Number of protein chains: 2
Amino acid sequence: MRKRGYEYYCDMRGMLSFLILFLLSKKPMHGQGIADEIKKRKGIKPSPGTIYPALKVLHEADLIKESKSGKILTYTLTRKGRMVLNESKKKFCRIFMGILSA
Amino acid sequence: MRKRGYEYYCDMRGMLSFLILFLLSKKPMHGQGIADEIKKRKGIKPSPGTIYPALKVLHEADLIKESKSGKILTYTLTRKGRMVLNESKKKFCRIFMGILSA
DNA sequence: TTAAATATATCGGTCATCCAATATATCATA
DNA sequence: TATGATATATTGGATGACCGATATATTTAA
C-alpha cells in the first residue's frame, strides 16, 4: 500500500476556486498575490498551471472581473461572484459544522 | 463554456477522508451511518463506490479500526487516526481562516 | 539596450475522487 | 424458508484539479 503523509488526508482538492473567491472578497488581488496568500495558508504555492486556469474559469463564469495595469491583472469579485461565494460559504459551514468550534 | 451550478465552486473533492475522520471522532459509526450523516450535511449521499473504498483506504492506513457485529461494521478512530485528524484540523483551520467568522 | 526578474498564459499528462452498476452477505418478517 | 430490505464490497470509467515545462509580455536594472 502506498505511503501517504498527514497532509494527504486533508489535501483540499477542489477547494481552489472557493478559496480564490474568498480571498478576493477580502481585497482585489492579482494572480501572484493570490498564489502567495495560498502559500501562506497551505504551505505550498500553486503553480502557474494551477492558478491561471482557475482564474480563467472564474472569469469566464463572470464571477470575477479583471483590470489590467501594465503586466498586472487585478481581479475583483463581480456581483455574481459575491452571490456564489455566499452560497458556497453557507454550504461550507453546513458541511464542516463542528470542526472549527473544537 | 460549460454551465455549472453554484455548488461547483465548492465541490469539496478530496475532503471525504477528512470528513469521515471528523465524524468518527464524534462517535463510532458504520458505513451507512456515515453516508447518511454526509447526506445531511452535503445534501448528496455518497454512493457505495465512494464510501467503502474511502473506508478501506483509511483502514489500511491504520487510521480507523473496525468491529463486526452481524452485517454491521462499526468504525472507530485509532490513536494514529486521532493524531492525523488533529494535524488535518490544524491545517484546515489555517487554510480557511476567516471564512467562518464572517 | 541588453539582461534579469516578474506576471501572465497554455499544454500535456498524472492522479485521486467519485459515481453507476453490480454482486454478495446478513437480517427481518411473512 | 422464501422474500425483501439493509449493509458491505468491487469494478470500470469519467471528471477535473493540479503540476511541470514552456512560452510570452512587461518592468526594472545594469
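First the proteins, then the strands, lettered A, B, ... as listed; each starts at 1. Just so you know, these numbers come straight off a predicted model, no measurement behind them.
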Does the gap between the ring centers of Phe92(A) and Phe96(B) come in under 6.0 Å?
->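 Yes.
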Nearest whole Å is fine: how far is [N] [atom2] from [X] [atom1]?
| X | N | atom1 | atom2 | answer |
| --- | --- | --- | --- | --- |
| Leu73(B) | dT6(D) | CG | P | 18 Å |
| Ile72(B) | dA7(D) | CD1 | P | 6 Å |
| Ile38(B) | dT17(C) | CD1 | C1' | 13 Å |
| Gln32(B) | dT8(D) | CD | P | 6 Å |
| Ile64(B) | dT8(D) | CD1 | P | 11 Å |
| Tyr52(A) | dT6(C) | OH | P | 13 Å |

Met29(A) to Ile34(A) - nearest heavy-atom pair and separation |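 Heavy-atom minimum between the residues: CB-CG1, 3.7 Å.
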What is the distance from atom CG of Leu58(A) to atom NZ of Lys80(A), rounded to the nearest 0.5 Å?
->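 It is 10.5 Å, given to the nearest 0.5 Å.
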Nearest 0.5 Å, what's the CD1-CG distance between Ile95(B) and Leu19(A)?
->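 It is 7.5 Å, given to the nearest 0.5 Å.
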Salt bridge Glu37(B)-Arg41(B), side-chain N to carboxylate O under 4.0 Å |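 Here Glu37(B) pairs with Arg41(B) in a salt bridge, since their nearest N and O are under 4.0 Å apart.
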Classify every nucleotide of nucleotides 18-28 of chain C by which part a protein heavy atom approaches to under 4.0 Å, writing B for the base, S for the sugar-phosphate alone and - for neither, in 5'-to-3' order.
-> SBBB----BS-
Listed pairs under 3.5 Å, donor-acceptor, residues 63-71 of chain A side chains, sequence neighbours left out:
{"residue": "Glu66(A)", "atom": "OE1", "partner": "Tyr75(A)", "partner atom": "OH", "Å": "3.1"}

